Protein chains: 2
Amino acid sequence: MLVRMTTNATNADGPQVRPRRRAPAGAAVLREDVTEAIRAAVFEELATVGYARMSIEGIARRAGVGKTAVYRRWRSKLHLVLDIVSVIAVQGLPAPETGSLEGDLRMLYEVSSRALRHPVASQIIPDLQAEAARNPEIAEALQKALKQGQEEVALKIVAAAEGRGEVRAGLNEELALDLISGPLYWRSVVIRSPKLPKGYLGALARATTEAIKAL
Amino acid sequence: MLVRMTTNATNADGPQVRPRRRAPAGAAVLREDVTEAIRAAVFEELATVGYARMSIEGIARRAGVGKTAVYRRWRSKLHLVLDIVSVIAVQGLPAPETGSLEGDLRMLYEVSSRALRHPVASQIIPDLQAEAARNPEIAEALQKALKQGQEEVALKIVAAAEGRGEVRAGLNEELALDLISGPLYWRSVVIRSPKLPKGYLGALARATTEAIKAL
DNA sequence: TTACGACGAAACGGTTGCGTTCCGACGACG
DNA sequence: CGTCGTCGGAACGCAACCGTTTCGTCGTAA
């Protein structure tokens, strides 16, 4: 799985920590394995039926737990999904440092393309994307996840290239990010091509480099 | 609206033309205004609640017609949406011919960006996109619509540039298309930036031109 | 003038999910 | 060894849609 939670460590939107009255209790504590089973079930459900059709009953069914176990942890489908998404967001990609813009881009693409063509991602992301258009909270969570996963790294790469004098200083960074992220996303998620032709990523990195140098 | 149908002209997936027994009938014919009201309602419903949550009852309610009026025309939600999508697909964009790759791209972007930031499109497209991952029929219809609306034009532009010797002949056209379509889509649909900073499209066209020349 | 069929409205029985409640069982902590 | 709270399971009443059927109305082509 993606993240391991220390038994009670979460705060915002995670499994709820409520104000314990006096004595937290004995061995009647939320079981971590149940929590994890639910999370996994949400992922699968999200991928197969999508957010809109996803039901608490379905999740519990798939996880092999009672509905009560779910409601004990999250107040609603929305909270559940927000938690899940924020969990994904946690993993910050390390910025590559190959010493050249093209090399950095190439490495970024290597990682991103693997992530994007992972069935879970390529199913769930557009789904939440669509949902985000109607739900600001999902939009925010998703932005955060995508931003941290991609944009931040891309920004570092560009800044490094600026520092090396490889590209014009003070270039339009917003546009640079679009040039970096757009094409691969388009191919992986929109066109949904199952496999990238070999040499694709290299050529893409080269072309993108030229594009950014022209800014 | 997008397309005007001659009273009975459709075939594949449009309002159903069934085998009339002997006499088509008198003035008891499907009313075109009702058909159009339903189509419009589907658009709005699709934009506000999305495909998954959209219900026939809701459509009829919004259109101010009876459920029967809908079922008389389309067998299911799926047929209804497939019809709608194919209707969009009809409109083929004319390829610009400015005499230069950058000029052509600039014009393409002008048109595309307007289309993409139209609320209807920016809401509906990602929704159907997500749905397409689960439904091959929707996927096909959507591909057709997007392909005709974008890729075909983009391909012509690239071919023209090849013909002028502006770019290397025999370049990787697949990649070229991604470079052309990706960034604007990313910004408009994924990032969902409400307004493009001025000068954006011009800079994008210039950068993309350089990228393609590097292929 | 007649007959056909679309029209909106309402109701049909059936399914699914909602969020809540009660249940007996279990198991670790005090 | 008793208490506490989670466990899965089942049922609650309520709501929304499903796809179909029935109804009386209406307008036009024959």
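Order of the sequence lines fixes the chain letters, A, B, ..., with proteins taken first and strands second; residue numbering starts at 1 for each chain. Only a predicted model underlies this, so the values are computations on that prediction, with no experimental measurement involved.
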Which one, dC7(D), dG19(C), dC7(C), comes nearest to the side chain of L30(A)? dC7(D)

Are any side-chain N or O atoms of R39(B) and backbone N or O atoms of D83(B), one a donor and one an acceptor, separated by less than 3.5 Å? no

Rounded to the Å, how far apart are [X] [atom1] and [N] [atom2]?
{"X": "R62(A)", "N": "dG17(C)", "atom1": "CZ", "atom2": "C1'", "result": "16 Å"}
{"X": "H79(B)", "N": "dG19(D)", "atom1": "NE2", "atom2": "P", "result": "12 Å"}
{"X": "E36(B)", "N": "dC7(C)", "atom1": "CD", "atom2": "P", "result": "13 Å"}
{"X": "E32(B)", "N": "dG27(D)", "atom1": "CD", "atom2": "C1'", "result": "17 Å"}
{"X": "D33(A)", "N": "dC7(D)", "atom1": "CG", "atom2": "C1'", "result": "10 Å"}
{"X": "I38(B)", "N": "dG8(C)", "atom1": "CD1", "atom2": "C1'", "result": "12 Å"}
{"X": "Y71(B)", "N": "dC12(C)", "atom1": "OH", "atom2": "C1'", "result": "14 Å"}

Are [X] and [N] close enough that a side-chain N or O sits under 4.0 Å from OP1 or OP2?
{"X": "R31(A)", "N": "dG27(C)", "answer": "no"}
{"X": "R73(B)", "N": "dC7(C)", "answer": "yes"}
{"X": "R72(A)", "N": "dC7(D)", "answer": "yes"}

Report yes or no: do [X] and [Y] form a side-chain donor-acceptor pair below 3.5 Å?
{"X": "S112(B)", "Y": "Q150(B)", "result": "yes"}
{"X": "S122(B)", "Y": "R192(B)", "result": "no"}
{"X": "N135(B)", "Y": "Y51(B)", "result": "no"}

Answer yes or no: side-chain N or O of K67(B) and base N or O of dG8(C) forming a donor-acceptor pair under 3.5 Å. no

Charged N to carboxylate O below 4.0 Å: is that the case for [X] and [Y]?
{"X": "K156(B)", "Y": "D104(B)", "answer": "no"}
{"X": "E110(A)", "Y": "R114(A)", "answer": "no"}
{"X": "D127(A)", "Y": "R134(B)", "answer": "yes"}

Within residues 44-60 of chain B, those residues having any heavy atom closer than 4.0 Å to DNA chain D are S55(B), I56(B), E57(B)

On DNA chain C, more 5' by nearest nucleotide between T68(A) and A63(B) is A63(B)

